[in-house]
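Before any comments, here is the structure.
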Protein chains: 2
Amino acid sequence: MNIGEVAKRSGLPSKTIRYYEEIGFITPRRSENGYRDFDEKDLHRLAFIGRARSLGFTIENCRALLELYADQSRASADVKRVAEENLREIDAKIADLQAMRATLAHLVGACAGDSRPDCPILEDLGRALG
Amino acid sequence: MNIGEVAKRSGLPSKTIRYYEEIGFITPRRSENGYRDFDEKDLHRLAFIGRARSLGFTIENCRALLELYADQSRASADVKRVAEENLREIDAKIADLQAMRATLAHLVGACAGDSRPDCPILEDLGRALG
DNA sequence: CCTTGACCTTCCCCTAACTGGAACCCTTAT
DNA sequence: ATAAGGGTTCCAGTTAGGGGAAGGTCAAGG
């Protein structure tokens, strides 16, 4: 399989697939002409990574998850630990964003948004010094 | 004022202040000895930027907001537009994270987290190929 | 006078996870 | 012969700074 087909089937851009090879996630064979020649296992691995990335796992998380995936004698607790850590980080990001959102929404709501210069948003920013 | 004091009073790391000078947000005078010599206006500007950054505005947003701040004849609508755009982006990020969170929390909840290898999380990732 | 420690300076590399683009090769069809 | 549409490598850029080296400056203490 050439990279284009793998891209199509995995949903990952070719660029990303090359990058994943560079960082050691896959090691596709090469054809005579130098083209990468992927097999179904490569494709499967890439899809796994793509799915994990879409759930917020970092590249290093993915590396750990792939290892656990390959290890038939893994403990599900090890997988769960990685996932729970990711969950905590996602929650932290959501909390940060929601705090931002609340303040910002408040300011936006207070701004007339007309042609006059008076603006509670700028006033807030300008009053930033404790 | 030396950079250390500005850092303390603005709450921004010295590194960040130097970076903000580099990208043109401030242009502090220099003392005889080559040290940056900040005045109250610099400090105020830095605090403004710090506050804006903490509300999720990008560096380029900050640049625009500073310009509007300085423009006595601005329309508050222009400020509001920038803020609303930022709000939309924050909302989009929150939505993305919440979708991730929902799926991930579901998987985490389904995983026994014990010493056995069976794991719904890995099963999900392994079934990623559409 | 010398040293010590806390400042300050510039400079360059590093981060995450790719993305874009240039320059070039391979294959197939017209 | 050439044009389109693959593929290849390599280099640079993205965000918003952070880390750390090598070195200049300043005030206090011995």
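Residue numbering restarts at 1 for every chain, and letters A, B, ... go by the order of the sequence lines. Computed from a prediction, not measured in an experiment: that's the story for all the values here.
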Margin query: Any side-chain N or O of A:Asn33 below 4.0 angstrom from OP1/OP2 of C:dT27?
Written below: yes

Check: Can B:Leu129 be reached from B:Leu107 by stepping across I, L, V, M, F, W or Y side chains whose heavy atoms are under 4.5 Å apart?
Finding: yes

Margin query: Within the 4.0 Å heavy-atom criterion, would you say A:Ile3 contacts the bases, only the backbone, or no part of the nucleic acid?
Written below: sugar-phosphate

Item checked: Lys/Arg-Asp/Glu bridge criterion (N-O < 4.0 Å) met for A:Asp114, A:Arg116 -> yes

Next item on the list: Indicate yes or no: does B:Glu5 engage B:Arg9 in a salt bridge with an N to O separation below 4.0 Å.
Entry: yes

Next item on the list: Decide, yes or no, whether a salt bridge links A:Arg81 with A:Asp78 under the criterion of side-chain N to carboxylate O below 4.0 Å.
Entry: yes

Checklist line | Short side-chain to backbone donor-acceptor contact, B:Ser76 and A:Cys119, under 3.5 Å | finding: no

Any protein N or O atoms within reach of nucleotides 20-22 of chain C? Criterion: under 3.5 Å, listing atom names and distances.
unit_1: C:dG20; atom_1: N7; unit_2: A:Lys15; atom_2: NZ; d: 3.0
unit_1: C:dG20; atom_1: O6; unit_2: A:Lys15; atom_2: NZ; d: 2.9
unit_1: C:dG21; atom_1: O6; unit_2: A:Lys15; atom_2: NZ; d: 2.3

Next item on the list: For B:Thr58, report the nucleic acid contact type (base, sugar-phosphate, nothing); a contact means any heavy atom under 4.0 Å.
Entry: sugar-phosphate

Item checked: Smallest separation among heavy atoms of B:Arg53 and B:Tyr20, with atom names -> CG-OH, 3.7 Å

Margin query: Pick the closest DNA chain D nucleotide for B:Thr16 and for A:Asn2 by heavy atoms, then say which residue is nearer the 5' end.
Written below: A:Asn2

Item checked: Protein-nucleotide distance (B:Arg30, atom CZ; C:dC8, atom P), rounded to Å -> 12 Å

Margin query: Looking at C:dC18, I'd like to know if its phosphate oxygens (OP1 or OP2) sit under 4.0 Å from a side-chain N or O belonging to A:Arg53.
Written below: yes

Margin query: side chain to side chain contact (heavy atoms under 4.5 Å, CB included), that's the test. Do A:Glu85 and A:Arg88 meet it? Break it down for me.
Written below: CA-CA 5 Å; A:Glu85 173 63 20; A:Arg88 273 190 294 277; 3.0 Å; yes

Next item on the list: Would you grab the first and last nucleotide of DNA chain D (5' to 3') that comes under 4.0 Å of any non-hydrogen atom in chain A?
Entry: D:dG6 to D:dC10

Item checked: Nearest-nucleotide 5' precedence on DNA chain D, B:Phe57 against A:Arg18 -> A:Arg18

Check: Rounded to the nearest Å, what distance is computed from the CD1 atom of residue B:Ile17 to the C1' atom of nucleotide C:dT10?
Finding: 17 Å

Margin query: Check B:Glu21 with B:Arg30, please: is the shortest side-chain N to carboxylate O separation under 4.0 Å?
Written below: yes

Next item on the list: Starting from the 5' end of DNA chain C, give me the residue, A:Tyr35 or A:Tyr19, whose nearest nucleotide shows up first.
Entry: A:Tyr19

Next item on the list: Name the nucleic acid region contacted by B:Arg36, choosing base, sugar-phosphate or nothing; use a 4.0 angstrom heavy-atom cut-off, strictly under.
Entry: sugar-phosphate

Notebook entry, point to check: To the nearest Å, how far apart are A:Glu5 CD and C:dT27 P?
Noted result: 18 Å

Item checked: Candidates C:dC8, C:dC18, C:dT9 - which lies nearest the side chain of A:Tyr20 -> C:dC18

Checklist line | Where A:Tyr69 and A:Arg74 come nearest, the two heavy atoms and their spacing | finding: O-NH1, 3.1 Å

